[in-house]
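All of these numbers come straight from a predicted model, not from anything done at the bench.
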2 protein chains.
Amino acid sequence: MSVRSRQPSEPEIPESEEEVLPARGQRKQRTRDALIDAALQLMNEGRSFNSLGLREITRVAGVVPTSFYRHFRDTHELGLVLVEESALTLRRMLREARRAGAPVKDMIRRSVQVYAAFVLANRLHFLFIAGERTGGSPVIRGAIRNEVDQFTAELTQDLRHLAIFPQLTPDSLQMICGLVVSTMLNGATDILDLPPGDSAQLIEDTLVHQLRVIFLGAQLWRDE
Amino acid sequence: MSVRSRQPSEPEIPESEEEVLPARGQRKQRTRDALIDAALQLMNEGRSFNSLGLREITRVAGVVPTSFYRHFRDTHELGLVLVEESALTLRRMLREARRAGAPVKDMIRRSVQVYAAFVLANRLHFLFIAGERTGGSPVIRGAIRNEVDQFTAELTQDLRHLAIFPQLTPDSLQMICGLVVSTMLNGATDILDLPPGDSAQLIEDTLVHQLRVIFLGAQLWRDE
DNA sequence: TTGGTATGTCAACAATCGTTCACTAAAAAT
DNA sequence: ATTTTTAGTGAACGATTGTTGACATACCAA
C-alpha cells in the first residue's frame, strides 16, 4: 500500500541493499510519499480528491500541517503529482502487456483478465484516474485527459504494429482506441465498486462482450 | 437557468397567470428550487458536488444557512434529489426521441446531433450526471448508476421494438445499449468541457464514428 | 377572529480549515 | 570545525464550517 518507487537524485554505488545509498534527504521523499499515500488512502474511503483538506491529509500522513508546504504549494499541486504517478501506472501496464506479446487466441478475453487483475493490484491509482477523469477540478481533469490521450495514442501505435486492422486509417484506429480505452476505464470504475470479496467475473464478461462487438465492427469498418 | 418545473400539489382553477393558483406554500418550493439551483450553479463553476458546503449553497441561494434544514436533512440528501431531477431530464430526452420517431436515414448522425443539443440545453443536469457518475460519494454514485441502468433498459426496449438488431438476445442487446449509453455520457463530458463559444462538431463526429462502429459490430454479432 | 403550523431569521457554539511565522535539529557544504 | 541549508515542529491568526435553539412572521384551518 505504501510501497512506492524511489527515484534517488544521484544513485551512487549502492553499499548495501536498502535505505543506504543516497543522502538522508531520503527522509523528505518518505514524508512526501506519506502525503501522497494519505491522499490516495482518503479517496479509497469514498471521498473525492476535491473534498480533501490539507490538514486532513497531513493528519493521515502523520505529519504536522505546515510540513505539507515543504513538498507542495497546495493540495492542487498534489493532485497534479497524483496524475503523473497514476499515468505512470498506466504506462507500466502497457509496457507489461507489450512484453507479454499479443496472444493470438482469445486475445480479448486474456487482455481483459490481465486488465482486471491490474486494476485491483493498483486500486488506488485507478480509483484516482477513473474517479477524477470526470467531475472535480477542471485542471486536474484536463491533466488526466492529456495522459489518457497519450495512453490511447500509444495503444494505437501498438495495435497498428500488430496489424490487426490493416484497412483502418490512422484516425479511425485512434478513434476506436479511444472507444476501447474509455470502455476499459468505465469497467475499472465497476470493478473498483465491487464489495471487497466479490468476483469481477461478471464485469469481465460484460467487458469482453462489449470489446468483441467493437472489434468486430472495427474489422469490418471501411472508411468511405 | 433558474426555470424549474413546478409541481403544485393541488392545481386548482388558475385564477390568473402566475403565482396565483396554489397556496402560498409555494414559497417553500421556490427556496427549495433556489437551493437546488445554487448547488448546480456552483458545480457549473467547476466544483464537484462533494466539495460543496451547506453554507455555501445557502449563500448562493440567498437564504440563511438554517433554512436549508427545512428542505433537506443534509447536503447528501440534496444530492439524491439532484439525481432524481437529472434522471427526469434523461427520461424526457428519451421520450422526445421516441416522439420524433426513428429516422431511417442517417439515424446515428441525427441522433447525435439532437443529443449534443440536448446536452447543451440541459447543461447543469448532464454536468451533474456525467461528473458524479464516477468519483464522489458512493451513495450518490450508486443512485446515478441505478438511474442510468434504468435509462439503458428503456433504450433497450425501444431498440428492440425498432427491430434493428433482430438476431440479438435480450442480454446482448442490453450490453450493447450499455456500451452506447456510456459512450454517449463520455461524449457529454467532452461537450460540456468545451469553451463556451466553441462548436461541438468535432466531438459529434467522433461520437458518430464510434457509434457507427458499435452498431456495425452489433449488426454482425451472433451469439454463439 | 383565533390558534396552530410551518418557513425563514438571528445568534451562538465548537470544530476545522488554510496559512503565517519563529524555532529546532540535523544533514550538507564550507 | 563552522556555517548554511532544510525538513519538520509548534503556536497562533482569522475565516468558515455544520448544527443547535429560541424567535418572528405569515399562512391555513378552526
Chemist: Measure CZ/B/Arg30 against C1'/C/dA6 and give the value in whole Å, please.
Modeler: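 One finds 16 Å between C1' of C/dA6 and CZ of B/Arg30, rounded.
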
Chemist: Expressed in angstrom and rounded to an integer, what is the separation of B/Glu56 atom CD from D/dT17 atom P?
Modeler: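 So the two atoms are 6 Å apart, to the nearest Å.
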
Chemist: Would you say that A/Thr206 contacts A/Gln210 through its side chain, given a criterion of any heavy-atom pair below 4.5 Å between the two side chains?
Modeler: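 Heavy-atom side-chain distance check passes, below 4.5 Å.
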
Chemist: What residues from residues 58-78 of chain A pass a heavy-atom cutoff of under 4.0 Å to DNA chain D?
Modeler: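 Result for residues 58-78 of chain A: A/Val63, A/Val64, A/Thr66, A/Ser67, A/Arg70, A/His71, sorted by number.
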
Chemist: B/Gln29 has an atom CD; how far is it from atom C1' of C/dA6, in whole Å?
Modeler: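 Nearest whole value for this atom pair: 15 Å.
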
Chemist: How many whole angstroms separate atom CZ of A/Arg32 from atom P of D/dT6?
Modeler: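 It works out to 16 Å between those atoms.
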
Chemist: Flag the pair B/Leu192 / B/Val119 as yes when at least one side-chain heavy-atom distance between them is below 4.5 Å, and no otherwise.
Modeler: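 Yes - at least one pair of side-chain heavy atoms lies under 4.5 Å apart.
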
Chemist: Heavy atoms, side chains only, cut-off 4.5 Å: are B/Asn186 and A/Arg133 in contact?
Modeler: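 Yes, close enough: below the 4.5 Å cut-off.
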
Chemist: For a quick test of your reading: what N or O donor-acceptor pairs under 3.5 Å do the side chains of residues 172-180 of chain B make, sequence neighbours left out?
Modeler:
unit_1, atom_1, unit_2, atom_2, d
B/Ser172, OG, A/His209, NE2, 3.4
B/Ser172, OG, B/Thr169, OG1, 3.3
B/Ser172, OG, B/Asp223, OD1, 2.5
B/Ser172, OG, B/Asp223, OD2, 3.3

Chemist: What N/O pairs connect the protein and nucleotides 24-26 of chain C at under 3.5 Å? Give each pair on its own line.
Modeler:
none

Chemist: Taking only N and O in the side chain of A/Thr31, is any of them less than 4.0 Å away from OP1 or OP2 of D/dA7?
Modeler: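 Answer no for this pair, as no side-chain N or O of A/Thr31 is under 4.0 Å from OP1 or OP2.
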
Chemist: List the atom pairs, with distances to 0.1 Å, where a side-chain N or O of residues 88-97 of chain B and a protein N or O form a donor-acceptor pair under 3.5 Å, not counting sequence neighbours.
Modeler:
unit_1, atom_1, unit_2, atom_2, d
B/Thr89, OG1, B/His125, ND1, 2.5

Chemist: I need the CD-C1' distance between A/Gln26 and D/dT6, as an integer number of Å.
Modeler: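 Atom CD in A/Gln26 sits about 15 Å away from atom C1' in D/dT6.
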
Chemist: Starting from C1' on C/dC17, measure out to CG on A/Leu54 and report it in whole angstrom.
Modeler: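 From A/Leu54 CG to C/dC17 C1': 9 Å.
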
Chemist: With sequence neighbours left out, write down each residue that passes side-chain hydrogen bond (donor to acceptor under 3.5 Å, both in side chains) with B/Ser111, or none if nothing qualifies.
Modeler: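 B/Ser111: no side-chain hydrogen bond (donor to acceptor under 3.5 Å, both in side chains) contacts found.
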
Chemist: CZ of B/Arg55 versus P of C/dT16: gap in Å, rounded?
Modeler: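 Distance, rounded to whole Å: 16 Å.
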
Chemist: Applying side-chain hydrogen bond (donor to acceptor under 3.5 Å, both in side chains), can you list everything that pairs with A/Asp205, at least two apart in sequence or on another chain?
Modeler: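 With sequence neighbours excluded, A/Asp205 shows a side-chain hydrogen bond (donor to acceptor under 3.5 Å, both in side chains) to A/Arg109, A/Gln201, given in chain and number order.
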
Chemist: Taking CG in A/Leu120 as the centre, count heavy atoms belonging to other residues, nucleotides or ligands within less than 6.0 Å. Is the count above 12?
Modeler: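 Yes, enclosed.
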
Chemist: Provide the closest heavy-atom pair for A/Gly135 versus A/Arg141 in the form atom of the first, atom of the second, distance.
Modeler: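 Closest pair (atom of A/Gly135, atom of A/Arg141, distance): O-NH1, 3.0 Å.
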
Chemist: Without decimals, in angstroms, what is the distance between A/Ile57 CD1 and C/dG18 C1'?
Modeler: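 Between C1' of C/dG18 and CD1 of A/Ile57: 12 Å.
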
